[in-house]
Amino acid sequence: MERMSFDTTSFPIEMEELVIGYRNAPPLNSPFSGRFEGAGIHLVAGRNGSGKSTLIRTLAGLQAPVSGRILWGRDDLSFVSSKERGEGMAFMASTPPRTSGLRVVEVLELMQPTIEFRDKMLQQVGAQEWLDRRLSSLSDGQAQRVMLARALLQNTPWIALDEPTAFLDAPSRTAMWKTLLELSESGVGLILASHDFGFLEGKSALSSVHAIASSGWLPLDRFGQASDWETCF
Amino acid sequence: MTAKQLCMVIGVGVFIQGALHLAWGPISIEWLNAMSSWGNPSTTDSLVLFHVRLPRVFTAMAAGSGLALSGLLLQTWFHNPLAGPSVLGISAGSSLGVAVIILTGLTWGWWGVTTAAVGGGMLTLLLILAVSRRFHGSATLLIFGLMLSYVVGALVTVLQAEAAQDALQQFVFWGMGTFGQAPLRLSLLMLLMVVIAGRMVFLKSRDLDAWTLGSITAQSMGVDEKKLKYSVIGITGVLAGSITAVCGPVAFLGLATPHLVRLISDERSHRRLIPLTILMGAFIALLADWGVRAPGIDGGGWPLNAVLSLLGGPMVVWVLLRKTWNA
């Protein structure tokens, strides 16, 4: 049944000797190990092409690693079924879908939420006005909010976000970050790849900061300054 | 108008057209006389009704619905509004299967031809799926389908050049496309197949809706990509393949019908699109068959594919233009 609050402590995510990349292309990095644990925002930084988005998709089980493995709690992710994957981690892409003709209400109903839960999440992302609009008629910023609400309705302990603000204008970006910070207080774990992390500097919601590079996985000081993080990769 | 009301309206349209098709023809029949001698081919009336007109109506309905449903499935799966069984080369693959059976003189009957057509269609679809991952942009996929059609068409021509005279004639007639070839039992079987396929696709409505949000997002929602992919291959392969075997390569119905539905209705969830598309497919097929039957009072008649291309070609151009305007 539906939980109204999140419980992220249910499983940590572990990367063991992980190499990510694509078939027929050189791997993106040397093997590395690392761990995500607990609620809040886990920031993954890195240069263009360093594999941030690839890592996010690999962690969410949407792409197979080149080698090594990922553990969701005690389960090897490569043996997790499609259904269980959908229950463990939601995912939000950097661009909202542009070709879907569905209405906002139809997108959200795919998650089969109760009306109260749906409206609560809509309010959280500030999208309650657009229920009857077509997703394709919304601006990128508005559509991303709807896609965030959809991810929230999946009611998973983890949400993976691939550069959620990449294609948004300045006001939409600020609004998205505020929403994400509020969300991180509710107990959900957000694994977030982004270039645009200035807003997170000094925020207590930040649980960990790492950079991914071809040499591997670099832990950064989460109390540090964004400009210092950038000099590390 | 709600989707339910629209379904009713199209359904009534299908029923009325079906009844008119049964009633109208170069030979006028006594309905009571025909009905009372049900299944007895000795009277002209029942012969015309049960062995000519009824199978034709059923075949048109099944072919229209089945191809339209395949078109909808392919458009959703490939995120491409211009996908369809004939555009992607699936019908061409089925034709090759049929050509191999007919032109090499194998006389395997309906079942052999159908199996070969389904096999050819599925193989083509598998080939398209294998390479489609490497394609970016919707045009590449369509051009690939077109090239595939050319290559398969060339193979068919080679087979034709080598074929015996009567086999060649049989194949050419088949290639023109018609709803008027299937016997009653086969047409009923096709209707049953479409109903079953429609039910199966309907049960996948949620997955298909999720798929419109992008394949990655859909998978993150728990959609099993492999399962959905094999359903799409299996269902479109069997539908398009067997319809091609019975009716010949039928143009445009699969591609254009889902767009016609989107034109008259603003429903986009598959729960509503699927029944609307199935009914609309039957409606359009029966409508096109007037063009084939009505001018043919003196035995002439326009080829089915000519009628469908006259209807379908402008429709595709319209979709292209509208797509450009929106972008």
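Protein chains get the first letters and strands the later ones, always in sequence-line order, with residue 1 at the start of each.
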d(A:Glu106 CD, B:Arg271 CZ) to nearest 0.5 Å is 7.5 Å
Structural part of A:Met89 lying under 4.5 Å from a heavy atom of chain B: backbone
Using the salt bridge (Lys or Arg N to Asp or Glu O under 4.0 Å) rule, collect all pairs that involve residues 211-225 of chain B, keeping only residues at least two apart or in two chains. B:Arg133-B:Glu225
Give me the contact list for residues 97-104 of chain A versus chain B, heavy atoms only, anything under 4.5 Å, ordered by residue number. A:Pro97, A:Thr99, A:Ser100, A:Gly101, A:Leu102, A:Arg103
Within the supplied structure, the quantity of interest is the number of heavy atoms (other residues, nucleotides, ligands) at a distance under 6.0 Å from B:Met147 CE; does it exceed 12? yes
Which heavy atom in A:Gln154 sits nearest to a heavy atom in B:Ser220, and how many Å separate them? NE2-O, 2.7 Å
More than 12 non-hydrogen atoms from neighbouring residues, nucleotides or ligands closer than 6.0 Å to OH on A:Tyr22, yes or no? yes
Flag side-chain contact, heavy atom, 4.5 Å: B:Leu213 against A:Leu110: yes
Would you mind telling me which of A:Arg134, A:Met92, A:Glu84, A:Lys83 has the largest number of heavy-atom pairs within less than 4.5 Å of chain B? A:Arg134
Considering all heavy atoms of both residues, which atom of A:Arg85 and which atom of B:Val223 are nearest to each other, and what is their separation? NH2-O, 3.4 Å
Heavy-atom cut-off 4.5 Å, strictly under: side chain, backbone, both or neither for A:Asn24 against chain B? side chain
How would you list, in number order, the residues of residues 41-61 of chain A that have a heavy atom less than 4.5 Å from chain B? A:Arg57
Indicate yes or no: at least one non-hydrogen side-chain atom of A:Leu135 is less than 4.5 angstrom from one of B:Thr212. no
Residues of residues 201-209 of chain B with any heavy atom under 4.5 Å of a heavy atom in chain A: B:Arg206, B:Asp209
